[in-house]
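A short worksheet on the structure shown next.
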Amino acid sequence: MNVPSELYRHSLALLTDFYQLTMAYGYWKSGVADRDAVFHLTFRSPPFHGGFTIAAGLAYAVDWLAHLRFDDDDRAYLASLTDQGGAPMFEAAFLDYLRDLRFACDVDAVPEGTVVFPHEPLLRVKGPVIQAQLLETTLLNIINFQSLIATKAARVCLAARGEPVIEFGLRRAQGLDGGLAASRAAYLGGCAGTSNVLAGRLFDIPVRGTHAHSWVMVFDDELEAFRAYARALPDGCVLLVDTYDTLEGVRHAVEVARELRAAGHELAAVRLDSGDLAYLSIEARKILDAGGFPQTRILASNDLDEHLIESLKEQGAAISLWGVGTKLATAWDQPALGGVYKLSAVRRPGGAWEHKLKLSEQTVKISTPGILQVRRFSQDGEYQADAVYDELCGLDADCVIVDPVDLTRRKHIPAGTPGEDLLVPVFRAGRQVYEVPPLAASRARTAAQLGRFHAGIKRFVNPHRYPAGLERTLFDLRTRLIIKARRVPE
């Protein structure tokens, strides 16, 4: 299962900002509700001061779009809303329109697990403006958060250098759905499992866990507690050793490991959850090895993130399993991705597409016009550059890409360079045409994608800026529209 829709009432149409509904009402009142429009969901900078982002959340978005309906309860609530004069906010005829509304847009998106960069569309919506507008808030809510967590997970897993990372963040996550979505996105980003049992059931993620300090404290002494836990769970037993004295706890774990071995089992791991993890893990490794248990692994937790894991690696820590909770599930150092959803083209009935552009005093906030697609170019198995182009203008075989916020940053892509378009059809006229892959396949895609990029973009400090920009024809069109909007003589 990819989406926990069974957790929620059937209609989530009101999971939106109020201004989406007031605009929809305005479109309907103005007679332009069925005018065609194109919107793109993009972001302006990679999170965590990094060099890449992992696209995630599409499965949730597909499920939401496939079930989009305004049911009786939704319309009854909207009918109860009044303006400042006490009159109904929405006419009854508009509520009837919402009752009969059926999703009819085209949607294209990059598959989950795709590495993406600023100003590239993660998702494109084309269809009646009233419908495309109503999608904005929910799509941003879904894709912003899951892409953020998937990116954080990918960074943590890179720091662990191939050693398993278990997501332990449910108890600190932002609510029920925040916990579930975080566990899903963390697994997509590369984590090997989760402590979240409901996420395990809903998304088929391996569930992992140890015991708490309270387990040890219930018994008269630590050794008795370890023995009781080992009797209950002899296979895959992991003992938390820092309730009292960490290294003494490791010695107690060795005693229990001998008893397990005599009964035909092996102690899987000991867990360190406090203190100097580098020193304690090295000393714990010595005790385990001397006791005859070199195969018993050391699991570390305690507010870990990619930076602390990298530091522990550099210090020679003897840790080979990582439990990462709060700073992963909450995206501790950056609470939001900052994705945006912008109109880029409109079309009157029977007319041609008109490019649209949002102007701003901040260059980074100026939108990109057109019906956008992304072509990713590669050479010798490594990705080389991404070109954002307008399907209305096409893409030259021999092209140049320009950074939209720094026109001096350009890259020539010679004709014949192999490339692939990233956005794939998801809905056509409201009908789902895309089969959402299993979560495990999207997780594998994340790893495969990251493996095809230069190591520089995966650095945590001063990462390399991957060449991703606007195809020159599109850049020039955008520039002309900026000049026109500012009424500057050419």
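Model, not experiment: these values are computed from the prediction.
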**Item:** Smallest separation among heavy atoms of A385 and I401, with atom names
**Value:** CB-CD1, 4.0 Å
**Fill in**
To the nearest 0.5 Å, atom CG of L395 lies from atom CG of D390 at 10.5 Å
**Item:** ring-ring contact (aromatic ring centres under 6.0 Å, His included) partners for Y383, two or more places apart
**Value:** F453
**Asked** What pair of heavy atoms forms the shortest contact from E112 to G57, and how long is it?
**Response** OE2-N, 2.5 Å
**Asked** Just by modelled atom types, is the G190 backbone N or O under 3.5 Å from a matching donor or acceptor in the T446 side chain?
**Response** no
**Message:** Hydrogens and angles aside, do Q449 and R376 bring a side-chain donor and acceptor to less than 3.5 Å of each other?
**Reply:** yes
**Request:** Scan K411, R465, R410 and name whichever one has a salt bridge (charged side-chain N to carboxylate O under 4.0 Å, His left out) with D403.
**Result:** R465
**Item:** Atom pair CG (L470) and OH (Y389), whose distance is rounded to the nearest 0.5 Å
**Value:** 13.5 Å
**Prompt:** Does any non-hydrogen side-chain atom of W353 lie less than 4.5 Å from one of V38?
**Reply:** yes
**Prompt:** Does the side chain of V436 come within less than 4.5 Å of L58's, by heavy atoms?
**Reply:** no
**Prompt:** Should we say atom CZ of R459 is surrounded by more than 12 heavy atoms from elsewhere, each under 6.0 Å from it?
**Reply:** yes
**Item:** Close side-chain approach of S344 to K342, heavy-atom, < 4.5 Å
**Value:** no
**Message:** Between K126 and E391, does any side-chain N to carboxylate O distance fall below 4.0 Å?
**Reply:** no
**Request:** Apply the test side chain to side chain contact (heavy atoms under 4.5 Å, CB included) to residues I413 and Q384: give CA-CA distance (whole Å), side-chain angles for both, the deciding distance (0.1 Å), then the verdict.
**Result:** CA-CA 9 Å; I413 302 168; Q384 301 294 313; over 6 Å; no
**Item:** Side-chain (D386) to main-chain (A468) donor-acceptor, under 3.5 angstrom
**Value:** no
**Message:** For a quick check under 3.5 Å, do Q362 and S360 share a side-chain donor-acceptor pair by atom type?
**Reply:** no
**Asked** Does D106 reach the main-chain N or O of A429 with its side chain, forming a donor-acceptor pair under 3.5 Å?
**Response** yes
**Prompt:** Is there a donor-acceptor pair under 3.5 Å between the side chain of H40 and the backbone N or O of L372?
**Reply:** yes
**Asked** Has the side chain of R75 got a donor or acceptor atom that lies under 3.5 Å from a matching backbone atom of D71?
**Response** yes
**Request:** Measure the shortest side-chain to side-chain distance between D398 and H412 over non-hydrogen atoms and say whether it is less than 4.5 angstrom.
**Result:** yes
**Message:** Please tell me whether Q146 and Y60 have a donor and an acceptor in their side chains that are separated by less than 3.5 angstrom.
**Reply:** no
**Asked** How many angstroms lie between CD in Q133 and OG1 in T16, if you round to the nearest 0.5 Å?
**Response** 9.0 Å
**From CA spacing to verdict: side chain to side chain contact (heavy atoms under 4.5 Å, CB included), S147, V116** = CA-CA 10 Å; S147 297; V116 289; over 6 Å; no
**Message:** What's the separation between atom CD1 in I366 and atom CD in E361, rounded to the nearest 0.5 Å?
**Reply:** 8.5 Å
**Complete:** In short, L304 meets V324 closest at the heavy-atom pair O-CG1, 3.3 Å
**Message:** Just so I know, are the side chains of V340 and E136 near enough to count as touching, which here means a heavy-atom distance under 4.5 Å?
**Reply:** no
**Prompt:** Minimum heavy-atom separation for S45 to P118, with atom names?
**Reply:** CA-CG, 3.8 Å
**Over 12 non-hydrogen atoms of neighbours within 6.0 angstrom of NZ in K365** = no
**Item:** side chain to side chain contact (heavy atoms under 4.5 Å, CB included) assessment of L392 paired with H355
**Value:** CA-CA 10 Å; L392 298 173; H355 290 92; 3.8 Å; yes
**Message:** Tell me whether E306 is salt-bridged to K152, with the criterion being a basic N under 4.0 Å from an acidic carboxylate O.
**Reply:** yes
**Asked** Does OH belonging to Y77 count more than 12 external heavy atoms closer than 6.0 Å?
**Response** no
**Request:** Would you confirm whether T82, through its side chain, and A87, through its main-chain N or O, come within 3.5 Å as a donor-acceptor pair?
**Result:** no
**Message:** Strictly distance-based, threshold 3.5 Å: is any side-chain N or O of S311 a donor or acceptor partner for the main-chain N or O of H307?
**Reply:** no
**Item:** Exercise: do Y187 and N196 side chains pair donor with acceptor under 3.5 Å
**Value:** no
**Message:** Would you compute the distance between atom CG of L170 and atom CG of L176 and round it to the nearest 0.5 angstrom?
**Reply:** 8.5 Å
**Prompt:** Within a reach of under 6.0 Å around NE2 of H49, are more than 12 heavy atoms found that belong to other residues, nucleotides or ligands?
**Reply:** no
**Asked** Of Y466, F52, F43, which meets ring pair (Phe, Tyr, Trp, His ring centres under 6.0 Å) against F117?
**Response** Y466
**Asked** Should we say atom CD of E435 is surrounded by more than 12 heavy atoms from elsewhere, each under 6.0 Å from it?
**Response** no
**Request:** Report yes if some heavy atom in the side chain of T138 is under 4.5 Å from a heavy atom in the side chain of L12; otherwise report no.
**Result:** no
**Message:** A quick test of your reading: do over 12 heavy atoms of other residues, nucleotides or ligands sit less than 6.0 Å from CZ of R428?
**Reply:** yes
**Message:** What's the separation between atom CZ in R443 and atom CD1 in I54, rounded to the nearest 0.5 Å?
**Reply:** 12.5 Å
**Asked** So do the side chains of F70 and L14 get within less than 4.5 Å of each other, counting heavy atoms only?
**Response** yes
**Request:** Dump the intermediate steps for side chain to side chain contact (heavy atoms under 4.5 Å, CB included) on T368 and L474, then the final yes or no.
**Result:** CA-CA 8 Å; T368 302; L474 174 59; 3.9 Å; yes
**Message:** How close do A132 and V125 get, counting heavy atoms only, and between which atoms?
**Reply:** CB-CG1, 3.8 Å
**Asked** Judged by atom type as modelled, is there a donor-acceptor pair below 3.5 Å linking the side chain of D17 to the main-chain atoms of Y19?
**Response** no
**Asked** So do the side chains of L140 and T137 get within less than 4.5 Å of each other, counting heavy atoms only?
**Response** no
**Message:** Has E471 got a side-chain atom pairing as donor or acceptor with T473's backbone, closer than 3.5 angstrom?
**Reply:** yes
**Item:** Neighbour count above 12 (heavy atom, 6.0 Å) for D100 CG
**Value:** yes
**Message:** Taking A329's backbone N and O only, do any of them form a donor-acceptor pair with E167's side chain (distance below 3.5 Å, no angle check)?
**Reply:** no
**Complete:** Tightest non-hydrogen contact, residues R99 and R102, listed as O-NH1, 3.2 Å
**Asked** So Y97 and W28, would you call those rings parallel, tilted or perpendicular, with 30° and 60° as cut-offs?
**Response** tilted
**Request:** Determine whether the side chains of E163 and S320 contain a donor N or O and an acceptor N or O closer than 3.5 Å.
**Result:** no
**Asked** Heavy-atom count around R172 CZ within 6.0 Å, excluding the residue itself: above 12?
**Response** no
